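Residue numbers start from 1 in every chain, and the chains themselves are labelled A, B, ... in the order their sequence lines are given, proteins ahead of strands. None of the values given here were measured: they were computed from a predicted structure.
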Protein chains: 2
Amino acid sequence: MTARRPTILDVAKAAGVSKSTVSLVVRGSPTVKAETAKQVRDAMASTGYVYNRAAANLRKSSVGLIGLVINDLRTPFITEFATSVQMTLSAQGYATVIANSDEDGALQAQRVSAMIEHGVSALLITPSYGQEADSFDQIARAGIPCLQALRQGDPRCDLFPFASFDYAQGGVLATQHLIAQGARTIAFVGGLSHRAVTAERMSGYLATLSEARRTPVSFVGGVTRGFGAEIAATICADHPEIDAVLCFNDQVAQGMLSGFMRLGRAVGTDVRIVGFDGMEDRDQTVPGLSAAFCDVARFGRDCAAILLDWLETGEHPSPLRRAPVSLLARGSSLGPIPEETSK
Amino acid sequence: MTARRPTILDVAKAAGVSKSTVSLVVRGSPTVKAETAKQVRDAMASTGYVYNRAAANLRKSSVGLIGLVINDLRTPFITEFATSVQMTLSAQGYATVIANSDEDGALQAQRVSAMIEHGVSALLITPSYGQEADSFDQIARAGIPCLQALRQGDPRCDLFPFASFDYAQGGVLATQHLIAQGARTIAFVGGLSHRAVTAERMSGYLATLSEARRTPVSFVGGVTRGFGAEIAATICADHPEIDAVLCFNDQVAQGMLSGFMRLGRAVGTDVRIVGFDGMEDRDQTVPGLSAAFCDVARFGRDCAAILLDWLETGEHPSPLRRAPVSLLARGSSLGPIPEETSK
DNA sequence: ACTACTATTTGGAACGTTCCTATTGTAATC
DNA sequence: GATTACAATAGGAACGTTCCAAATAGTAGT
């Protein structure tokens with residue numbers, strides 16, 4: 001327990017070579033003779049040697065470690081993104097270290113510090129809301145590449161480029177779709193009023209309605225299934241004229257779907273619903289949930305690629321990137337509930 | 001870009017003090033005079049100093065860093081667990097670093113290596129299936145505390161204690177509940193046959209049925225909503241006698257709920273469903289989903305506490321811990337569908 | 001046998017901290 | 001005014017690696 005961990009020197013002594021040779025073996029250098037390498041490896045095994053990366057990092061400049069700081073570990077959208085990023089980086093030989101800021105600006109700053117101090121080569125961050133300036137100042141000071149994804153915590157795009165989805169376009173597509181399906185009064189439900197994501201998703205909706213000379217109705221204030229169910233009840237009670245809803249996300253949409261069904265309104269015929277994100281198992285609700293689809297797995301790969309390119313070429317990427325959003329039309333917005341037997 | 005990062009020596013020179021003093025300031029020592037400390041801090045700011053933890057770790061033994069290696073970042077159950085662990089550790093002043101093995105034994109070994117080499121003080125791991133022996137040998141070699149959670153990858157409980165839920169008890173509770181609700185033929189649906197978790201969850205079901213002299217029926221082979229929906233169809237077509245199902249997890253249960261509804265069987269009356277985990281928004285399906293409830297947030301806190309205790313006292317924790325599973329009864333298993341006017 | 005290579009191995013000198021043991025400055029005590 | 005005690009600061013030696021220049025061993029050509 002208290003016994004000092006063996007070092008490269010102990011291994012060298014056991015193998016009867018110099019520390020330099022052991023170091024070369026550790027790093028898999030081709031210059032060391034196969035026979036010698038084997039002896040060294042045996043000595044490592046018998047001494048119980050553990051590589052000390054801290055010591056190595058003291059000399060080496062780069063570590064091949066990339067930090068991923070996410071705002072919430074419980075949102076499927078975010079974890080799907082994180083998984084995609086991590087797997088892409090892993091495939092390119094970079095290790096990913098993930099930290100969760102849990103929507104807390106102070107915690108985020110702390111985790112960013114820790115990562116920088118541990119010597120990450122680059123950062124990918126989905127900023128939390130709050131006093132996140134600290135985090136970015138720190139990153140700027142450290143001078144490492146950092147890409148903001150999905151949310152923009154710091155507007156200095158010359159330092160921290162921003163990648164997200166083209167949510168406004170998604171809003172347009174979804175609203176156009178609902179209009180094409182014959183909807184007359186279309187509401188926007190969900191989101192939090194002070195957040196950029198909400199504004200973006202809603203803007204496409206507003207623009208499209210305005211163009212079609214329709215009056216918008218919105219119910220903002222929540223992002224959960226519960227909120228969706230609640231607003232479904234409100235709509236049934238007070239706004240019977242609403243015959244279509246574009247939801248802020250899939251959760252709200254599913255809540256509305258359940259809520260409408262509970263209250264006896266037929267989703268797909270009486271009222272049409274389109275969600276946002278397209279993360280949920282769409283086919284497993286009755287009816288299937290339509291959505292403005294954000295291909296987050298692909299987005300994750302793209303973000304990882306942008307960061308790696310930046311890291312390897314040293315060239316600053318373009319300050320803004322918007323991934324396209326497409327429309328997935330399912331039963332919840334397509335006339336009568338389709339019989340699933342057709343496919 | 002190429003400019004060398006400033007070190008404490010640069011700061012010391014700028015502040016007109018010695019490196020030792022700067023080091024003390026960095027670590028917040030109370031022995032240094034307030035005035036001096038301020039000068040040093042100013043110097044740090046003006047030089048753009050970044051603390052080099054790798055260098056510090058070379059001297060210090062402990063780092064206050066705890067590694068969390070999880071098998072899947074996309075399972076809500078796991079991410080909820082990770083969040084809980086992380087927040088508990090954070091509250092105790094430990095930083096958590098998370099890595100995703102994505103159910104890949106080799107990747108897990110790699111991430112475990114990386115964490116050990118980075119000097120984590122302890123590890124908490126939800127092992128992936130596959131050749132995970134490497135990982136544990138490595139941990140044993142490093143001689144750091146390691147707790148296995150939710151899954152047991154290595155049976156050496158004298159080295160790696162194991163904490164999980166009492167799934168068998170959950171199976172018993174759920175099955176007893178279904179019997180008490182008047183179910184006659186109860187099926188078990190979901191899970192993968194070669195996994196311990198499936199066996200455990202099913203064992204409580206089997207034992208209870210055996211005691212009640214009923215014949216078990218099980219449909220194993222999947223853990224998703226899709227699988228649940230599929231089996232719901234199978235049951236409607238070929239096993240009309242089945243009037244209750246205990247599902248491997250909530251996803252399967254929700255799939256079955258949708259599936260049964262789609263096929264016109266009234267969930268809660270014609271057929272009763274109980275899920276497992278209790279993670280989903282239970283009240284937001286119609287009807288609400290009953291479940292054998294695993295309080296994963298609490299479990300995460302407990303795991304973190306076990307690990308911290310081990311770390312701080314040096315005393316090996318008990319090799320096995322099973323957290324209790326309780327029953328949450330909702331509409332899906334409770335007679336007529338509540339909140340719905342019987343028509 | 002000697003030279004000119006090449007392949008392999010080697011011993012210091014970093015790297016940026018922390019720890020330990022001085023050293024200095026200041027105030028209190030004799 | 002000298003001594004003591006204490007607070008504050010300073011300087012050198014680690015820590016375990018990598019990097020570099022240099023040494024050695026081995027091989028082929030003359």
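- When heavy atoms are screened at a 4.0 angstrom cut-off, A:Arg27 is found touching the sugar-phosphate backbone but no base atom.
- Just one of A:Val26, A:Val32, A:Val11 meets the side-chain contact (heavy atoms from CB on, under 4.5 Å) condition when paired with A:Val40; it is A:Val11.
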Please write out each protein N/O paired with an N/O of nucleotides 21-27 of chain C under 3.5 Å, distance rounded to 0.1 Å.
none

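- With hydrogens and angles ignored, the 3.5 Å screen pairs a side-chain donor or acceptor of B:Gln86 with a backbone N or O of A:Asn100.
- Classification of the B:His118-A:His118 ring pair by plane angle, with boundaries at 30° and 60°, yields perpendicular.
- In 5' to 3' order, the nucleotides of DNA chain D bounding all contacts with chain A (an atom under 4.0 Å from a heavy atom) are D:dG16 to D:dC19.
- Among the heavy atoms of the strands lying under 4.0 Å from A:Thr7 are primed sugar atoms or P, OP1, OP2 only; no base atom is included.
- Using a 4.0 Å cut-off between charged side-chain N and carboxylate O, A:Asp158 and A:Arg156 make no salt bridge.
- The closest donor-acceptor contact from the side chain of A:Glu80 to the backbone of A:Val296 lies at 3.5 Å or more, if one exists at all.
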Each nucleotide of nucleotides 4-13 of chain C classed B (base within 4.0 Å of a protein heavy atom), S (only sugar-phosphate) or -, in 5' to 3' order, makes ----SSBBB-
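- At a cut-off of 3.5 Å, with distance as the only test, no side-chain donor of B:Ser23 or B:Ser20 sits close to an acceptor on the other residue.
- Here B:Arg5 does not pair with B:Asp10 in a salt bridge; the nearest charged N to carboxylate O distance is not below 4.0 Å.
- Checked for salt-bridge contact, A:Glu103 and A:Arg151 meet the test: a charged N lies under 4.0 Å from a carboxylate O.
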Step by step, would you call B:Asp72 with B:Thr75 a side chain to side chain donor-acceptor pair (under 3.5 Å)? CA-CA 6 Å; B:Asp72 188 358; B:Thr75 307; 2.8 Å; yes
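- No engagement by B:Val22 is indicated, since no non-hydrogen atom pair under 4.0 Å with the nucleic acid exists.
- Using a cut-off of 4.0 Å between Lys/Arg side-chain N and Asp/Glu carboxylate O, B:Asp42 and B:Lys38 are scored as salt-bridged.
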